[in-house]
Amino acid sequence: MVIEPAQGMGDTAPPVAARATVPGVGDRGRRREGEHWSRRRDLERQLHDGPALRIAALTLHLGLLKDKLQAGAGNVQPDIDDLQRQLHTVQQELRAIADQIYPPLLHDAGLGPALREVAGGGRVNLHVDAADARFDPALEGVAYFAVLDVLKHLDADGPPVHVVIRRSEEGLVLDLANVDTRRGGAVLDRIQGLGGAVDILAEPGMGTIRVRIPCE
Amino acid sequence: MRVALAEDGALFREGLVLLLEAAGHDVVGCTPDGDSLVKLLAEEPADVAILDIRMPPEPDGGLSTAERLRAAHPGLGLLFLSHYAEAHYLMRILQIGTEAVGYRLKEKVGSVEVLTDTLTRIQNGEIVIEPVLARRLVERPTGTRRNAVASLSERESDVLRLMAEGRSNNGIAAQLFVTQKAVEKHIANIFTKLDLHPDASEHHRRVLAVLTYLRSQEDGG
């Protein structure tokens, strides 16, 4: 009897289709860590370059305004309007960053509504077909950002992307049709921590990526 | 105007009360959650209730509270305030009511003029929608109505966007520097192109025109 050598420490065998399309666990783990920390660094930079700098500038403007008022200089209304406009910009920048951390709508209403909001505001033509099923926050977060990552790599004028989300006996099943199936590896990187699997339902190129993530 | 408000953030709540009073409104009460607002309004009549969307009872207490308020006081105007302008919440708000409702960003009601304009329009029965959201819905339509939407002329799209903000024909005419008659003609064209039946009332068709966009959002591509 021949016993196959184990593939590696703690390697839970991924589904065949996924194993065929992605490199070994070591590379994948390293790449996932790398992306995780570069995303965090990027968020910090956005906070610094946007809202933090803007608020610092606003304190200067307020100082000037105080000076202007003390000097009895007439009309300060345009200054105040400008301050409010800038504060609105700060809010918008903070919202954009919060959405990259965990979109509030994803927490409040789930995957379907959150992805529909992306469909309404995004550059890619997106059709979302989802029941009201809710999953735990980690699963919804992972699935949401995995979809966004796939969308990010698509041309704006490509065929409409169709997302179907449903709950099976095992957990979440999410089909992403009309996408670049070469992103399957990146999707697997994201969902593997939750024991998820990726099936590619086409040859490399445009096709359907199926994501399955188990849950209670 | 008599105004009641519920908002769980103490700083914003206090600031809003100060601004309402500065605008000459009578604040009949303010509470940190929806349940106590319902109790308060059972005793104190008001013209408009201002509700934070995300407040207790979780997760979106503003919406569940508004449903109860609309049932108990049909004439009470409802203004929803949020940090986020999302089509999803707008749909839910329009399911609660298509008259005397408003949905605005918290930091965009920060002046006496804007706040009073918003409250007055709601009291008059209009729908007031944050302009940035109305614009996004009209400019980025998706779904089965895509063709109907694409068939609108540029001017008709402008008119529909202003309708989605809840503007009256007069208001639209003033914004676009055209006559009211021209606006009426554009609106008739929009109704035809969106296939809205002439047997419905004018106000009803207006709301349907706006909802057409929102529904096509919900339906997806």
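Lettering follows sequence order; numbering is per chain, from 1.
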Could you look at K108(B) and say if it's the side chain, the backbone, both or neither that has a heavy atom under 4.5 Å from chain A?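 Looking at K108(B), just its side chain touches chain A.
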
May I have the step-by-step check of side chain to side chain contact (heavy atoms under 4.5 Å, CB included) for R116(A) and M91(B), ending in yes or no? CA-CA 12 Å; R116(A) 278 191 201 105; M91(B) 272 305 288; over 6 Å; no

In Å and rounded to the nearest 0.5 Å, what is the [atom1] to [atom2] distance from [X] to [Y]?
| X | Y | atom1 | atom2 | value |
| --- | --- | --- | --- | --- |
| D81(A) | S111(B) | CG | OG | 7.5 Å |
| Y89(B) | D108(A) | OH | CG | 3.5 Å |
| R95(A) | L105(B) | CZ | CG | 5.0 Å |

Hey, is [atom1] on [X] packed in by over 12 heavy atoms from elsewhere, all under 6.0 Å?
| X | atom1 | result |
| --- | --- | --- |
| N75(A) | CG | yes |
| H107(A) | NE2 | no |
| L11(B) | CG | no |

Does the Q91(A) side chain pair with the main chain of E107(B), one donor and one acceptor, at a distance under 3.5 Å? no

Taking every non-hydrogen pair under 4.5 Å, which of P104(A), A98(A), A130(A) racks up the most with chain B? P104(A)

Which pairs with one or both residues in residues 77-86 of chain B pass side chain to side chain donor-acceptor pair (under 3.5 Å), sequence neighbours excluded?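 For residues 77-86 of chain B: none.
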
Quiz question: by atom type and distance under 3.5 Å, do the side chains of E117(A) and H88(B) form a donor-acceptor pair? no

Pick one of side chain, backbone, both or neither for H162(A), based on which atoms fall under 4.5 Å of a heavy atom in chain B. neither

